[in-house]
2 protein chains.
Amino acid sequence: MLAGYQLRGVHGQTVEALARRILSGEIPEGATLDLLALREELDVSLTALREALKVLSAKGIIDARQKRGTFVQPRSTWNMLDGDVLRWRSAGPPDPDLLEHLAEVRSIVEPAAAKLAAQRATDTDLADMDDALTRMAGAAGKPGELVDADLDFHRALLGATHNQLVVQMERVIASGLAMRDQVVHNADPADDPVPSHRKVLEAIRAGDAEAAEQAMRALVDKASEDLRRISGH
Amino acid sequence: MLAGYQLRGVHGQTVEALARRILSGEIPEGATLDLLALREELDVSLTALREALKVLSAKGIIDARQKRGTFVQPRSTWNMLDGDVLRWRSAGPPDPDLLEHLAEVRSIVEPAAAKLAAQRATDTDLADMDDALTRMAGAAGKPGELVDADLDFHRALLGATHNQLVVQMERVIASGLAMRDQVVHNADPADDPVPSHRKVLEAIRAGDAEAAEQAMRALVDKASEDLRRISGH
DNA sequence: GTGTCAAGATATATTACTAAATTAGTATCT
DNA sequence: AGATACTAATTTAGTAATATATCTTGACAC
């Protein structure tokens, strides 16, 4: 049960089904949706379908205009930073570009976050990170727990920036970790993730912004490197 | 007409009204929504209300569970990077924290984006940025056009990273510019924004990643500085 | 050419109903 | 008395049929 970073099934399965068709490209960008046909295919009422469309519309995936019809919007207007959208995308066949982009965002955001965290972390923040690290150390062998604890560490770190918007990047990182797991499965037991994380934490605890930034940069650079090596680029 | 970076009225006014009430704190976090009461207050049908709720639910603002009720979620789960959410927030009384956080995200993302852009910008990207810069230079005195061109420049720059996720940060930047405009109104005509932007563009054109990063850092640092000075901190 | 008007199409809203899910209370049995 | 099983109440979720509002297109007049 590695559903640790899977959001609760907030929106019914109609949305999921529709989203999958669009995200996968089965229904391409620019296409006009045939609501009546979809209604039959998905075997739901029109109102239920429209509620699903409202969700997708809220995420910038479709646009429903009177008289003209309901269109799939270009991918550039999709809310790629939305947790659901990321999850739907990662559900399909693994997209190497997406993985690359996710890693890139991490390497932009996380070192900067570590820097801020070093300047602002409260005792509670530190305790949260410490707790996650302890659980990481104790989860050797149990891949599910390890990923959960890993994510918790990064979540706590982002929280320590005390910047609401930075905290939201959690979704990107969670998605990145989830997709990585789909690809790697059995990580090399030789490289223990704990020391590198501890290095970050200690720099933050010491309030050394530069050291924290650098330690985090090393961490995400290694992650990117691992990814590149595995995805065969 | 400074609606340049205002999204088309995608979702009806019911969503807007509900969103305002929640975002403003009138309906606080954790509150249980009384659908029947809201139905009357907003004077819409229940299905229309439910569609509005679906939109808010898609943005992580509320959570509707059968039998238990519909709850306002804690702010930490709201999709703060969503364009609509940002717009709704900036509609209310200006939140100094939000401005600060927006500026912080800019100062994290944009220098990194400039660096990537220097490595990847195509001729088209450069032309787009150049065009925006030209329009900036020609829009002296006309504040609306200036902001539009400014935003276009940053949009083009983000596009030049060729990273879908980074491109999405446009919403954050657009929101930041919009909120800044609400506050400053009449900018000091003494400081012309064009030279600093041109410096960034030229570094990108030259493919000098470090210079581009630095030039952009200088730019956003100055913006943050201006903001801090005005908002009276 | 430009503006106005009518017709057609389609998303949007309304009403009223049924179904499903889940909590809490109640009764029953051991 | 305590645990289990049943029942009721509440509230979201879904269905269906119908009406309305608004946008697009094309035609027609000016």
Side-chain angles (χ1 to χ4, degrees), chain A residues 3 6-22 27-74 77-78 84, chain B residues 1 3 6-22 27-74 77-78 84 88:
Chain A
Q6 164 117 7
L7 298 173
R8 294 192 303 283
V10 198
H11 327 297
Q13 58 190 89
T14 305
V15 191
E16 301 276 335
L18 242 181
R20 230 187 309 280
R21 291 200 192 188
I22 296 176
I27 304 177
E29 301 177 50
T32 307
L33 297 185
D34 183 342
L35 302 196
L36 285 310
L38 280 173
R39 193 208 74 82
E40 280 204 32
E41 281 182 61
L42 301 174
D43 193 36
V44 292
S45 78
L46 215 102
T47 38
L49 178 58
R50 271 184 47 213
E51 285 184 355
L53 292 174
K54 265 278 167 4
V55 173
L56 297 184
S57 154
K59 295 183 189 304
I61 296 173
I62 63 168
D63 186 19
R65 314 284 288 271
Q66 288 195 170
K67 161 67 187 179
R68 293 186 50 180
T70 301
F71 306 101
V72 178
Q73 293 283 93
T77 73
W78 297 4
D84 291 322
Chain B
M1 213 248 289
Q6 165 116 8
L7 297 175
R8 293 190 305 281
V10 197
H11 328 296
Q13 57 191 92
T14 306
V15 190
E16 301 275 336
L18 242 181
R20 231 186 309 279
R21 292 202 190 188
I22 296 176
I27 304 176
E29 303 178 48
T32 307
L33 298 185
D34 182 343
L35 301 197
L36 285 311
L38 281 173
R39 194 208 72 82
E40 280 202 34
E41 281 182 62
L42 301 174
D43 192 38
V44 292
S45 77
L46 223 121
T47 38
L49 177 59
R50 272 180 45 209
E51 286 184 353
L53 292 174
K54 266 271 162 22
V55 172
L56 297 184
S57 153
K59 296 184 189 302
I61 295 173
I62 62 167
D63 185 18
R65 315 283 288 270
Q66 286 196 171
K67 163 65 189 176
R68 294 187 49 182
T70 301
F71 306 100
V72 178
Q73 294 281 94
T77 72
W78 298 2
D84 292 321
W88 291 329

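Residue numbering restarts at 1 for every chain, and letters A, B, ... go by the order of the sequence lines. Note that this is a predicted model, so its numbers are computed, not measured.
- Glu40(A) has its CD atom 15 Å from the C1' atom of dA16(D), to the nearest Å.
- Residue Asp63(A) contributes atom CG, which lies 14 Å from atom C1' of dT12(C) at whole-angstrom precision.
- Nearest-nucleotide assignment on DNA chain C puts the 5′-proximal partner with Thr70(A), out of Thr70(A) and Thr47(A).
- Listed nucleotides: dC23(D), dA20(C), dT14(C). Nearest to the side chain of Gln66(B): dA20(C).
- Mapping Leu33(B) and Ala48(A) onto DNA chain D via the closest heavy atom, the residue that lands nearer the 5' end is Leu33(B).
- If you take CG on Leu38(A) and OG1 on Thr14(A), they are separated by 10.5 Å, rounding to the nearest 0.5 Å.
- Between the CD atom of Glu51(A) and the P atom of dT12(C) there is a distance of 13 Å, rounded to whole Å.
- Across the protein-nucleic acid pair, Arg68(A) atom CZ and dG26(D) atom P stand 14 Å apart, rounded to whole Å.
- In terms of modelled atom types and a separation under 3.5 Å, the side chain of Thr77(A) and the main chain of Gly60(A) share a donor-acceptor contact.
- Nearest to the side-chain atoms of Lys67(A) among the listed nucleotides dA21(C), dA13(C), dG8(C) stands dG8(C).
- A heavy-atom distance below 4.5 Å is not found between the side chains of Leu18(A) and Val55(A).
- Comparing dC23(D), dT15(D), dT15(C) against the side chain of Val44(A) picks out dT15(D) as the nearest.
- Atoms CG (Leu38(A)) and C1' (dT10(C)) sit 15 Å apart, rounded to a whole Å.
- Rounded to an integer number of Å, the gap from Leu49(A) CG to dT15(D) P is 10 Å.
- Side chains of Arg21(B) and Leu42(B) form a contact here, defined as non-hydrogen atoms less than 4.5 Å apart.
- For Arg50(A) against dA13(C), a side-chain N or O and a base N or O form a donor-acceptor pair under 3.5 Å.
- One atom, CD1 of Ile62(B), and another, P of dT11(D), lie 16 Å apart when rounded to the nearest Å.
- Between the P atom of dA16(C) and the CG atom of Leu46(A) lies a distance of 20 Å, rounded to the nearest Å.
- Expressed to the nearest 0.5 Å, how far OG1 of Thr47(B) lies from CG of Leu53(B) amounts to 11.0 Å.
- Nucleic acid contact class of Leu35(A) (heavy atoms, under 4.0 Å, all strands): sugar-phosphate only.
- For Ala64(B), whose side chain is taken as the heavy atoms from C-beta onward, the closest listed nucleotide among dA13(D), dT14(C), dG14(D) is dA13(D).
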